[in-house]
Amino acid sequence: MARAQGVRYDASHPHAEHTHMTAASGARPEPPFAELPPDEQLFRMRHSAAHVLAEAVLQLFPDAKYAIGPPIEHGFYYDFDLPRPLTPDDLHDLEARMRASVARDVPITGRQIPKDEARRLFAGQPYKLELIDDIAEPTVGHFVHGDFQDLCRGGHTERTGQLGAFTLTHSAGAYWRGDERRPMLQRIYGALFPTPGELDAYLEAVEEAGRRDHRRLGRELDLFHLDPISPGSPFYHQKGAVLYNALVDYIRDLYLEYGYAEVITPQIFETELFKTSGHYQNFRGDMFIFTAADERELAVKPMNCPGHCWLYRTGLHSYRELPLRLAEFSRLHRNERSGVLHGLTRVRSFAQDDSHIFCEPAQVASELALFFAMTRRVYDSLGLTDVAVYIAGRPERYVGTPEDWSAAEAQLEAAVRAEGWDCGLLPGEGAFYGPKVEFHFKDALGRSWQVGTIQLDMNMPERFGLTYIGADGAEHRPAMLHRAILGSLERFLGVYIEHTEGRFPLWLAPVQAAVIPIADRHLPYAEEVGAALRAARLRPAVDGSSQRMQAKIREAQLQKVPYMLVVGDREAAERAVAVRTRAGGDLGAMPLDALIARLAAERDTRAVL
RNA sequence: GCCCUCAUAGCUCAGUUGGCAGAGCGCGUUCUUGGUAAGAACGAGGUCAUGAGUUCGAAUCUCAUUGAGGGCUCCA
């Protein structure tokens, strides 16, 4: 399995071919700012705000070296090389200077200048000089407002007074050009919207997202916690383990239907296995490797594929038994660098709904179709509709020929489109052994995470010398597909907790019904109700605490329990329960048996709600 | 890994110029016995992340370590 946990941010941008200059360049005149489409105006406001930020930084730090400052999804940023770390007070100061520049309302003008002239103008600005050297054209864009000048390809407001509503949000470290071997710069982020109302709405949405954070909900709902005693490795509490197992059970059910063979392979291998697969050479730094007492070098598995290849190789295979779909839920361990760990979405210890499909090359198309059908069903059944599908293409380091890659990428894209999904392209993002299809969902803060994936492997069958006997009696090389629908269960849970805000459908809810006795004397009947639910394999929790009923209801609501069953004298007398749903609806009294039938049906159909 | 920030009760957080460790929630006990989102009183609970240093004195200042949070091309 490739680096299935990799983070990626949305690369699409509506202004990717934004190359035209303003009228000052002498090229074709452009319409006045006020007549541009709204998204173009917003793009320009954010871009100009970045310039105004750089102006302010240069006022505060005359020796600052400024790098790049693009508009981004919610605003803008600019990277600087500064003599000292920025403090929150600096951000306030800079924001005030920006507002002063806005108040001056000076024109922003741009023109094309020869590179030699640009080098003179940006003498002493090493990052700008590097950018000038990297530009292919003979001339570069030069933009000016007031005393400030910048190297820039353009796309600006006409004046500094047209920036809309903005605020500087935070600063962070960022490598020059994203390269960890190059200098660490200080990046200042700002949010910008056309009106104060939109800016406030955005800032409020960010705060709201904090309330849906899976790390917070994990604690509040007693699902899991992360602990310094094992960084990046979740402790699932009872309720979290119920969720985890319910997801595994669901996928396992589908495996029966879709013809998968679940296997269990070792956690620890001689490193020879990973040398054969190539992971040892390529990802050694991400693996937990240790030496046993007898000097043998062992490794904890970071993925299942080498083990599955090894298992495949232990027997002879006929074309008649292909496709062979080996599935496994084992826990995997990767020694992720400490700085990238993040809640459940980026961990060191995790499990996948992993499978490797060995098939005849001619069966790849039908396997893709089968996988997509299964994937759609799972996402639909979980109420996940905002999926983004990407094809990740040939990276710089790859095995095979460019022709093989192009054919494989085309095959994947055709299969995705046949399923009716739109797909984006991520050139260079494929695994070294083959292209991938990736399924992404966003977390509460809008960060995009890969969950499901299917990948063609043009390498491992070769490395492990895998074969099958064809109808012609000769040995053939099987095709291999790596695939997961939920991907890392940890990551999926993280994203899913944020998606649902902890309001899980009944079949996943750790506690499906809270049984609430009104007074102590109703506790025996409440226990009876609980026992009846458990007998139907439902998960009740009887609240025998000495609080008032109202407090018990509040507690169940906060725990996002789907059903609350209030029992008092009337219910006990009639073997009934008074049903309240999580959504706040009072369904009134219902015979206990009818309630159980209703919950069981909701569970068995895995109703989303 | 790198940059910045942070670490005080189970949780959320106060703690002033260095001078006796605090609140709310939660937890326990007792009272209350209730009809759809918080009944009341009392009580327990701390190696102020860890280790050094400065100081008469450190939660507070310095350094190191560990962990956590934000970020590390959305490319002039």
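Residue numbers begin at 1 in each chain, while the letters A, B, ... track the order of the sequences.
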Interatomic distance, A/F283 CZ vs B/G1 C1' [rounded to whole Å]:
17 Å
In whole angstroms, how far is the C1' atom of B/G1 from the CZ atom of A/R284?
18 Å
Without decimals, in angstroms, what is the distance between A/R182 CZ and B/G71 C1'?
19 Å
Give a yes/no on whether any side-chain N or O of A/Y78 is located under 4.0 angstrom from OP1 or OP2 of B/U73.
no
Between the side chains of A/R212 and A/E501, is the shortest nitrogen-to-carboxylate-oxygen separation below 4.0 Å, so that they form an ion pair?
yes
Ignoring backbone atoms, establish whether A/R181 has a side-chain N or O less than 4.0 Å from OP1 or OP2 of B/C2.
no
Does A/R215 come within less than 4.0 Å of A/D213, counting only side-chain N to carboxylate O?
yes
Ion pair present between A/K552 and A/E555, side-chain N to carboxylate O less than 4.0 angstrom?
no
Under 3.5 Å, is there any donor-acceptor pair linking the side chain of A/Y175 to the base of B/G1?
yes
A/H156-A/F143 aromatic ring centre distance below 6.0 Å:
yes
Ignoring the backbone of A/P228, work out which of B/G67, B/C2, B/C74 is nearest its side chain.
B/G67
Base, sugar-phosphate, or nothing for A/L185, non-hydrogen atoms under 4.0 angstrom?
nothing
Please determine if a side-chain N or O atom of A/S338 lies less than 4.0 Å away from the OP1 or OP2 oxygen of B/G1.
yes
Flag the pair A/D116 and A/R120 as a salt bridge only when some basic side-chain nitrogen lies within less than 4.0 angstrom of an acidic carboxylate oxygen.
no
A/Y66 has an atom OH; how far is it from atom P of B/U73, in whole Å?
23 Å
Provide the distance between the two P atoms, one in B/G10 and one in B/G28, to the nearest whole Å.
15 Å
Qualifying residue, where the test is side-chain contact (heavy atoms from CB on, under 4.5 Å) with A/R177 and the options are A/D79, A/L131, A/I68
A/L131
Describe the nucleic acid contact of A/G75 in one word from base, sugar-phosphate, nothing, applying a heavy-atom distance below 4.0 Å.
nothing
Sugar-phosphate atoms are those with a prime plus P, OP1 and OP2; base atoms are the rest. Using that split, label each nucleotide of nucleotides 31-40 of chain B B, S or - for protein heavy atoms under 4.0 Å, 5' to 3'.
--BBBBBBB-
Here RNA chain B, pairs taken as Watson-Crick or G-U under 3.5 Å and shown with ( ), [ ] when crossing and | when to another strand, reads (((((((..((((.....[..)))).(((((.......))))).....(((((..]....))))))))))))....
Can the ring centres of A/F80 and A/Y78 be said to be less than 6.0 Å apart?
yes
Under 4.0 Å between a side-chain N or O of A/H342 and OP1 or OP2 of B/G71?
no
How close or far is atom C1' of B/C3 from atom CZ of A/R337, stated in whole angstroms?
13 Å
If you measure from the Lys or Arg side-chain nitrogens to the Asp or Glu carboxylate oxygens, is any gap between A/E574 and A/R570 under 4.0 Å?
no
Rounded distance in Å - CD (A/E73) to P (B/G71)
13 Å
Would you tell me whether A/R580 and A/Q557 have side-chain atoms, one donor and one acceptor, within less than 3.5 Å of each other?
yes
Kindly point out which of B/G71, B/C72, B/U73 is positioned nearest to the side chain of A/A172?
B/G71
Given B/G70, B/C4, B/C75, the nucleotide with the shortest approach to the side chain of A/R215
B/G70
Between the side chains of A/H145 and A/H51, does any donor sit under 3.5 Å from an acceptor?
no
Protein-nucleotide distance (A/Y189, atom OH; B/C75, atom P), rounded to Å
12 Å
Nearest whole angstrom, please: distance from the C1' of B/A68 to the CZ of A/R346.
17 Å
Quick one: on RNA chain B, does A/G343 or A/E180 contact a more 5' nucleotide (nearest heavy atom)?
A/E180
Closest nucleotide among B/G67, B/C72, B/C11 to the A/R219 side chain
B/C11
Determine yes or no for a side-chain-to-main-chain donor-acceptor pair under 3.5 angstrom, with A/Q41 supplying the side chain and A/F33 the backbone.
yes
